[in-house]
Structure formats: C-alpha cells, structure tokens
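In this text the structure is predicted, and so the values were computed from the model without any measurement. By convention here, the first residue in the shown sequence is residue 1. We use all heavy atoms of the structure for the numbers below, so side chains are in, but hydrogens, waters and symmetry mates are not.
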Amino acid sequence: EFTLPVRRQTRREDVRLHRGDVVDGIVSRGGLLTTRPARTVVDLLKHGADPAAVSTIVAESLDAGYDAPAAFALWLSAAARSYEFGDGVSALGWLLDLAGAADRDRWIAEATEGVSVS
C-alpha cells in the first residue's frame, strides 16, 4: 500500500494506492522514505486495524526511539474522537495500556510535556 499526494492508478491487483498528505509524516530510514511510526499507527487505526496489534507497534517504536511520545500524541489526536478519547495523549495512554508498556507513565509525561509545548 502506498499513499501519494496526487491521484494515481495502477493495474496491479497487489498494489493499493491512497491519496493523502504525505509531507509531515515522512522520514528517511537508511535512505528509504517511509511514514513515521506515529503516522502509520493512525493510518492503521483509521482503516480498522486491531488496536491491540497497533498498541504493540506504538510500544516497540517508542522503546526503540523511532518516534517520540509527543509525535504519537499529536498524530493520535486525529483519531482520538473515533475511539471516544478527548485528545491524543489519552489515546496514547490507552494504547500503551493495551500493550502493557512498562514505560507507560514516563512516555505519557513526555507526551503531555511535548504536546503542551507545541
């Protein structure tokens, strides 16, 4: 699956193309452009992925330092209402609870601080 800033079509049945904003959610990993983990998580939740599986991605991404807690909170604010959360920090807390993340409290504190600074 690929997200592009303009509408494109393909004849390949094994490729799905989506139109969407890609500027803010892109990072380079080893020279390969990819979406940041926080953006990927929101895309997965919007497309109905299992929140328990997504929570593992959140915890592992934070643990490895691939994205910051505040980035997850900011990106999750777009999906928070769908899951009846008031903001992205609350949604992040819920996902970290699902994952059983040992560093949950520290990451929530960092997310809260980072979001209030933005």
Side-chain angles (χ1 to χ4, degrees):
E1 293 196 26
F2 298 93
T3 302
L4 305 165
V6 294
R7 186 176 185 280
R8 295 270 194 248
Q9 293 180 323
T10 181
R11 291 184 178 155
R12 292 187 57 161
E13 292 182 21
D14 60 338
V15 174
R16 292 183 53 187
L17 302 176
H18 304 275
R19 187 183 178 289
D21 179 29
V22 295
V23 175
D24 292 334
I26 299 294
V27 293
S28 178
R29 294 279 185 235
L32 178 65
L33 294 178
T34 184
T35 54
R36 5 173 8 144
R39 165 75 185 262
T40 301
V41 162
V42 170
D43 287 347
L44 289 168
L45 289 173
K46 284 183 177 180
H47 286 91
D50 176 25
V54 172
S55 72
T56 302
I57 296 169
V58 173
E60 289 179 2
S61 295
L62 288 170
D63 193 46
Y66 292 141
D67 224 334
F72 276 102
L74 288 171
W75 280 93
L76 284 166
S77 64
R81 292 177 203 240
S82 298
Y83 288 88
E84 299 181 13
F85 292 102
D87 59 24
V89 174
S90 298
L92 176 60
W94 171 65
L95 289 168
L96 292 173
D97 285 341
L98 285 176
D103 290 326
R104 179 211 187 274
D105 293 339
R106 179 174 59 90
W107 289 332
I108 291 299
E110 289 177 22
T112 302
E113 181 179 307
V115 170
S116 64
V117 170
S118 299

Ring pair (Phe, Tyr, Trp, His ring centres under 6.0 Å): pairs with one or both residues in residues 87-106, sequence neighbours excluded: Tyr83-Trp94, Phe85-Trp94
Pairs touching residues 29-66 that satisfy ring pair (Phe, Tyr, Trp, His ring centres under 6.0 Å), sequence neighbours left out: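 For residues 29-66: His18-His47.
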Which residues share a salt bridge (charged side-chain N to carboxylate O under 4.0 Å, His left out) with Arg12, sequence neighbours left out: Asp14
Which atom of Ala111 lies closest to which atom of Leu92, heavy atoms considered: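 Closest approach of Ala111 to Leu92, heavy atoms only: CB-CD2, 3.7 Å.
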Closest non-hydrogen atom pair, Ala38 against Ala71: CB-O, 3.8 Å
Listed pairs under 3.5 Å, donor-acceptor, residues 50-58 side chains, sequence neighbours left out:
| residue | atom | partner | partner atom | Å |
| --- | --- | --- | --- | --- |
| Asp50 | OD1 | Ala52 | N | 3.3 |
| Ser55 | OG | Ala52 | O | 2.6 |
| Thr56 | OG1 | Ala52 | O | 3.4 |

Pairs involving residues 97-109, ordered by first then second residue, that meet side-chain hydrogen bond (donor to acceptor under 3.5 Å, both in side chains) (sequence neighbours left out): Asp97-Arg104, Asp103-Arg106, Arg106-Glu110
For Val6, all residues meeting side chain to side chain contact (heavy atoms under 4.5 Å, CB included), sequence neighbours excluded: Arg8
Pairing residues for Arg11 by the side chain to side chain contact (heavy atoms under 4.5 Å, CB included) criterion, not counting sequence neighbours: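 For Arg11 there are no side chain to side chain contact (heavy atoms under 4.5 Å, CB included) partners, ignoring immediate neighbours.
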Salt bridge (Lys or Arg N to Asp or Glu O under 4.0 Å) pairs, two or more places apart, involving residues 59-76: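 Every pair satisfying salt bridge (Lys or Arg N to Asp or Glu O under 4.0 Å) with a residue in residues 59-76: Arg36-Asp67.
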Residue pairs passing the salt bridge (Lys or Arg N to Asp or Glu O under 4.0 Å) test where at least one lies in residues 82-91, sequence neighbours excluded: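 Qualifying pairs, neighbours excluded: none.
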With sequence neighbours excluded, residues passing side-chain hydrogen bond (donor to acceptor under 3.5 Å, both in side chains) with Ser77: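 For Ser77, no residue satisfies side-chain hydrogen bond (donor to acceptor under 3.5 Å, both in side chains) once neighbours in sequence are set aside.
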